[in-house]
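Just below is one structure, and these are the notes that go with it.
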Amino acid sequence: MADSREPPPLFNDDDDSHKDDDNDDLFTSAVQSPVSELTTPEEPRRQEGLGDPLTSPSPAASPTPDPPSDSHAGNPTDLFESVGEPPVGGLSSVSLESPTGGEGTQQDVPEPPVPASSILPPMGAPLTPPVAPITPTVTPNLTPNVTPAAPAPVTPLPAVRQSPEELEAESGDEFIEIQVSDPQKIGEGMSSYMAYKVTTKTNITYFRKKNWSVTRRFSDFLGLHGKLVEKHLHSGRIIPPAPEKSAIGTTKIKLGSDKTAESGSQDFIEKRRASLERYMNRTGAHPTLRADPDFREFIELDAELPRATQTSALSSAGVLRLFNRVGETVNKMTFKMDESDQAEGQWFEEKTQQIESLDAQLRKLHLAMEGLVAYRRELAVSTASFAKSAAILSSVEEHSALSRALHQLAESTERTHTIHHAQADADFYYLSEITKDYIQLIGAVKDVFHERVKTFQTWQHAQSMLAKKREAKAKAELAGRMDKVQQAQEEVAEWEVKVERSQEEFDRISRAIKKEVDRFDVVRVKDFKDMLVKYLEALMTSQQQIIKVWETFMPEAKAIA
């Protein structure tokens with residue numbers, strides 16, 4: 001974990017900073033080092049241990065060319081690139097003579113100095129951009145604070161931020177734990193809502209504190225998820241899905257009161273609280289998503305957030321999203337990608353089939369687990385009924401030893417009922433809910449795969465339009481209509497740029513999805529391992545408790561005369 005890196009900005013006043021803008025120049029010019037600085041004697045620099053000035057990177061002398069087309073998508077890139085190549089020959093290839101002239105020092109004669117005009121590009125010539133943007137929602141200030149080097153040479157630009165890959169590589173010692181607790185109803189009637197306490201513990205340096213709490217309503221969680229999807233889905237990021245909004249459960253909570261809340265409403269609130277906690281921890285575990293300004297504002301800002309819109313379960317936006325999903329599903333079934341890279345196309349085809357198969361099997365497993373939870377709850381209810389019957393029977397039994405044994409049987413069965421109920425809860429939270437979460441996560445993986453398909457379609461459309469424009473230009477040239485040729489030439493150039501950008505976008509999202517899927521597989525294996533270990537530990541604990549209960553009852557049964 002790099003202690004020197006600065007935190008990404010928490011708040012961004014530019015509302016359009018996450019949108020595509022191909023015309024923005026993200027790079028500013030750097031200070032041009034004087035030519036005379038590179039032709040001065042090298043002895044002072046060598047005394048300072050700074051090396052040959054001709055082999056150091058040259059600062060940019062003019063505005064750099066447009067950044068890559070995927071700079072807006074948050075694609076992780078290196079912050080700094082080499083902006084100069086060491087010259088061949090010249091002073092860099094000649095050994096320097098020792099001042100003392102002692103033995104063992106190479107006595108080569110230095111070559112004549114190379115003119116600066118043969119090494120440096122002419123004034124105004126574009127150089128390789130020294131930096132690239134890393135955050136899709138923030139346009140960082142990339143103007144280097146370079147002091148004119150007189151008499152010392154220009155120092156290299158320090159690294160102020162790390163790319164998402166570097167953050168993820170160093171995240172081994174970093175942790176963030178988010179707890180959602182204390183659900184409480186605010187207001188009365190249909191205008192009421194549920195608020196939750198969100199407590200965060202972390203050692204990540206760009207957070208202001210190590211331990212703090214804020215209060216958030218359920219719609220705030222849905223609004224956060226919508227913002228993350230809008231900014232990161234087109235980049236190929238797998239966004240953990242937020243808990244679904246239930247119109248029936250929400251209505252019961254709104255119409256009920258805290259004092260007269262039914263057990264069903266309490267179970268619904270507890271399930272939602274646990275789902276929100278898992279959602280926040282999954283989002284916080286992603287190195288790119290937890291550095292997002294909206295996520296940091298959500299967990300850090302100790303104030304009420306702006307009201308999230310279009311989060312209602314029965315809103316027009318929800319109905320529109322449903323229709324869009326149906327249309328996208330039909331598009332997935334009818335569209336066939338003909339990729340130029342056969343190896344990459346085969347990898348994505350195999351992963352798509354694997355994801356589909358995993359989705360089908362997880363749905364079957366979830367159905368079986370729901371049945372297991374229902375049966376165990378029925379067993380707990382039946383055990384409680386048996387305990388009551390045994391207690392009534394013990395009260396009317398005249399034989400004292402048998403009555404005492406029946407009474408002990410009722411108490412043992414009652415304790416067994418409590419154990420069965422606790423095991424049913426463990427089955428639900430450790431098995432059923434985790435499996436349900438992964439069914440939704442599989443849907444998020446499918447969404448990023450579909451984003452790649454849409455990017456490919458955009459690329460193919462651009463190629464088709466380019467072919468049409470070239471054909472129109474050729475027809476105009478054959479017809480001798482020079483007034484149309486110039487316009488056709490401009491359109492051809494425009495669509496050539498669009499084709500190039502679309503291809504770069506397709507390659508970029510393909511690389512991002514591969515990395516995200518690899519990370520998803522690693523996290524999935526770990527989550528299922530933890531799920532099975534916790535379930536088996538709970539099951540063994542409950543079985544040991546049941547055995548202890550009946551071992552205690554055994555002497556009473558044997559004591560019946």
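Heavy atoms only: backbone and side chains are in, while hydrogens, waters and symmetry mates are out.
Identified under the salt bridge (Lys or Arg N to Asp or Glu O under 4.0 Å) test for residues 365-387, with sequence neighbours left out: R376-D427, R377-D425.
Between the CD atom in E411 and the OG1 atom in T416 there is a gap of 11.5 Å [rounded to 0.5 Å]. In this structure, the separation between OH on Y430 and CG on L536 is 12.0 Å, given to the nearest 0.5 Å. Remark: F428 CZ to E270 CD distance equals 9.5 Å, nearest 0.5 Å. Remark: T435 OG1 to L365 CG distance equals 4.5 Å, nearest 0.5 Å. Note that CG of N281 and CD of E177 are 7.5 Å apart. Values are rounded to the nearest 0.5 Å. Note that the CG atom of L372 and the CG atom of L431 stand 7.5 Å from one another [nearest 0.5 Å].
Here the side chain of R217 pairs no donor or acceptor atom with the backbone of Y193 at under 3.5 angstrom. One N or O on the side chain of R273 and one on the backbone of V180 form a donor-acceptor pair closer than 3.5 Å. Judged purely by atom type and a 3.5 angstrom limit, E277 has no side-chain atom pairing as donor or acceptor with the backbone of I178. For S542 (side chain) and L539 (main-chain N/O), a donor-acceptor pair under 3.5 Å exists by modelled atom type. In terms of modelled atom types and a separation under 3.5 Å, the side chain of D294 and the main chain of K227 share no donor-acceptor contact. The backbone N or O of I204 sits less than 3.5 Å from a side-chain atom of T202, completing a donor-acceptor pair. One N or O on the side chain of S412 and one on the backbone of Q408 form a donor-acceptor pair closer than 3.5 Å. Of the possible donor and acceptor atoms, one in the side chain of E516 sits under 3.5 Å from a partner among the backbone N and O of I238.
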**Study point:** side chain to side chain contact (heavy atoms under 4.5 Å, CB included) between S510 and F348, worked out
**Key:** CA-CA 9 Å; S510 297; F348 276 96; 4.1 Å; yes
Point to revise | Criterion side chain to side chain donor-acceptor pair (under 3.5 Å) on S275 and R272, from CA distance to verdict | key: CA-CA 5 Å; S275 299; R272 172 173 285 184; over 6 Å; no
Check your understanding: Run the side chain to side chain contact (heavy atoms under 4.5 Å, CB included) check on T283 and F221 step by step: do they pass?
Key -> CA-CA 11 Å; T283 306; F221 292 89; over 6 Å; no
Check your understanding: K514 and D518: salt bridge (Lys or Arg N to Asp or Glu O under 4.0 Å), yes or no, with the steps?
Key -> CA-CA 6 Å; K514 282 185 176 181; D518 291 340; over 6 Å; no
Exercise for review: Evaluate the side chain to side chain contact (heavy atoms under 4.5 Å, CB included) criterion for residues V214 and L301: first the C-alpha distance (whole Å), next the side-chain angles of each, then the deciding distance (0.1 Å), finally the verdict.
Suggested key: CA-CA 7 Å; V214 295; L301 183 61; over 6 Å; no
Check your understanding: Going through the distances and angles, do M280 and L224 end up as a side chain to side chain contact (heavy atoms under 4.5 Å, CB included)?
Key -> CA-CA 10 Å; M280 292 300 299; L224 171 64; 4.3 Å; yes
Point to revise | Stepwise salt bridge (Lys or Arg N to Asp or Glu O under 4.0 Å) test for E174 and R290 | key: CA-CA 12 Å; E174 297 178 344; R290 72 181 175 215; 3.1 Å; yes
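A salt bridge links D521 with R524: the closest approach of a Lys/Arg side-chain nitrogen to an acidic carboxylate oxygen falls below 4.0 angstrom. Ion pairing of E505 with K454 is absent here, as no side-chain N (NZ or NE/NH1/NH2) approaches a carboxylate O to less than 4.0 Å. Taking 4.0 Å as the cut-off between side-chain N and carboxylate O, K271 and D267 do not count as a salt-bridged pair. The pair K446-E356 counts as a salt bridge, with a side-chain nitrogen and a carboxylate oxygen less than 4.0 angstrom apart.
Taking each heavy atom of K185 and S192 in turn, the nearest pair found is CE-OG, 3.4 Å. Contact between P240 and L289 at its shortest, heavy atoms only, is CD-CD1, 3.7 Å. Closest non-hydrogen pair, T199 versus S213, comes out as OG1-OG, 2.9 Å. Between H421 and A380, the closest heavy-atom pair is N-CB, 3.8 Å. Among all heavy-atom pairs drawn from I239 and A444, the shortest one is O-CB, 3.4 Å. Nearest heavy-atom pair across I513 and V448 is CD1-O, 3.2 Å.
Annotation: F218 is not in aromatic contact with Y196 [ring centroid separation under 6.0 Å not met].
By the neighbour-count criterion of 12 heavy atoms within 6.0 Å, atom NZ of K197 is sparsely surrounded, having that number or fewer from other residues, nucleotides or ligands. No more than 12 heavy-atom neighbours from other residues, nucleotides or ligands sit within 6.0 angstrom of CD on E304.
Using a 4.5 Å heavy-atom cutoff, the side chains of H286 and R237 are in contact. The shortest side-chain heavy-atom distance between Q423 and H420 does not fall under the 4.5 Å cut-off. Looking at heavy atoms from C-beta onward, E244 lies in side-chain contact with Q440 at the 4.5 angstrom threshold. Taking 4.5 Å as the limit, some side-chain heavy atom of D359 sits within range of a side-chain heavy atom of I439. Side chains of V229 and D447 form no contact here, defined as non-hydrogen atoms less than 4.5 Å apart.
Under a cutoff of 6.0 Å and an axis angle of 45°, R216 and F298 form a cation-pi pair.
A tilted orientation is assigned to the rings of F207 and W212, their planes being inclined by 30° to 60°. Ring-plane geometry between Y279 and H225 is classed as perpendicular, the angle between the planes exceeding 60 degrees on a 0 to 90 degree scale with a lower cut at 30.
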Output side-chain donor-acceptor pairs under 3.5 Å for residues 526-535, partner residues at least two apart or in another chain, one line each.
from: K526; atom 1: NZ; to: D530; atom 2: OD2; distance (Å): 3.1
from: D527; atom 1: OD2; to: Y438; atom 2: OH; distance (Å): 2.5

